[in-house]
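Note that the structure is a prediction, hence the values are computed from the model and not measured. This chain uses plain numbering: 1 for the first residue, then up along the sequence.
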Amino acid sequence: MIEEVEETTIGYTHFVYCGEKPLFQVSAGVPVKEALEQASDLLSLAKAFAEDAAFMKETDRYAWAAHFLTAMGKAVIDDVVKAVSPRPKRAILKAAT
């Protein structure tokens with residue numbers, strides 16, 4: 001019997017850099033479905049903050065909130081794509097005889 005394995009995040013994707021060093025990264029082992037649900041929520045909030053930023057000229061806090069939420073959502077989606085994308089098969093080299 002073939003058991004289907006649930007895809008999970010791989011935890012390779014970093015976001016929010018301080019100079020050359022990443023400050024955060026996506027955690028490995030999160031089920032893809034749950035990760036995508038969270039990314040959708042993050043991006044929905046970012047969209048709302050971006051709309052607020054367009055109308056609130058006195059402050060830039062909405063724009064910064066949208067910026068960081070977008071970076072987080074994108075990182076989750078990028079990590080999921082890496083997890084579910086087919087990996088190239090390794091070439092097996094035969095020794096010459």
Side-chain angles (χ1 to χ4, degrees):
M1 175 154 78
I2 298 174
E3 187 177 320
E4 192 171 314
V5 177
E6 183 178 21
E7 294 287 344
T8 60
T9 55
I10 56 176
Y12 289 169
T13 307
H14 301 103
F15 60 99
V16 183
Y17 286 78
C18 294
E20 297 293 317
K21 296 190 68 106
L23 186 58
F24 300 109
Q25 83 179 55
V26 175
S27 295
V30 177
V32 163
K33 181 180 184 299
E34 292 176 35
L36 290 175
E37 288 170 354
Q38 287 297 313
S40 179
D41 289 344
L42 290 168
L43 295 172
S44 178
L45 286 169
K47 179 180 179 280
F49 278 126
E51 288 173 357
D52 290 346
F55 296 106
M56 298 292 293
K57 302 300 180 195
E58 309 81 52
T59 182
D60 62 355
R61 70 175 172 226
Y62 297 105
W64 281 110
H67 168 76
F68 286 111
L69 288 167
T70 303
M72 292 165 56
K74 182 182 181 323
V76 171
I77 292 170
D78 289 350
D79 204 78
V80 165
V81 168
K82 290 174 190 170
V84 300
S85 294
R87 295 177 184 96
K89 296 190 188 278
R90 289 184 165 177
I92 299 174
L93 301 176
K94 294 184 180 182
T97 54

Take atom OH of Tyr17 as the centre, draw a 6.0 Å sphere, and report whether it contains more than 12 heavy atoms from other residues, nucleotides or ligands. yes

Distance check, rounded to the nearest 0.5 Å: Arg61 atom CZ versus Met56 atom CE? 6.5 Å

Are Val80 and Thr9 close enough, and set up right, to give a side-chain contact (heavy atoms from CB on, under 4.5 Å), and what steps lead you there? CA-CA 5 Å; Val80 165; Thr9 55; 4.1 Å; yes

For Ala50 and Ala66, the nearest pair of non-hydrogen atoms, with its separation, is N-CB, 3.8 Å

With side-chain contact (heavy atoms from CB on, under 4.5 Å) as the test, would you mind laying out the steps for Lys82 and Thr13 before giving the verdict? CA-CA 9 Å; Lys82 290 174 190 170; Thr13 307; 3.1 Å; yes

Taken to the nearest 0.5 Å, the spacing of Met72 CE from Ile77 CD1 works out to 12.5 Å

Is there a path of hydrophobic side-chain contacts, each under 4.5 Å between heavy atoms of I/L/V/M/F/W/Y residues, joining Tyr62 to Phe68? yes

Phe55 and Trp64: same hydrophobic cluster, using ILVMFWY side-chain contacts below 4.5 Å? no

Which atom of Ala54 lies closest to which atom of Lys57, heavy atoms considered: O-NZ, 2.9 Å

More than 12 heavy atoms from other groups under 6.0 Å of NZ on Lys74: no

Heavy-atom pair with the smallest gap, counting every atom of Gly11 and Gln25: O-NE2, 2.7 Å

What one should report as the nearest heavy-atom pair of Thr8 and Ala83 is O-CB, 3.1 Å

What are the two closest non-hydrogen atoms of Ala75 and Phe15, and how far apart are they? CB-CD2, 3.4 Å

Work out which heavy atom in Pro22 is nearest to a heavy atom in His14; give both atom names and the distance. CB-CB, 3.4 Å

How long is the straight-line distance from OG1 of Thr70 back to CG of Leu45, given to the nearest 0.5 Å? 10.0 Å

To the nearest 0.5 Å, what is the distance between NE2 (His67) and CZ (Phe49)? 14.0 Å

Report whether Leu43 and Val81 are members of the same hydrophobic cluster (ILVMFWY, side-chain heavy atoms less than 4.5 Å apart, transitive linking). yes

Verify same cluster id: Val84, Tyr12 (apolar side-chain graph, 4.5 Å): no

Indicate yes or no: at least one non-hydrogen side-chain atom of Val30 is less than 4.5 angstrom from one of Asp79. no

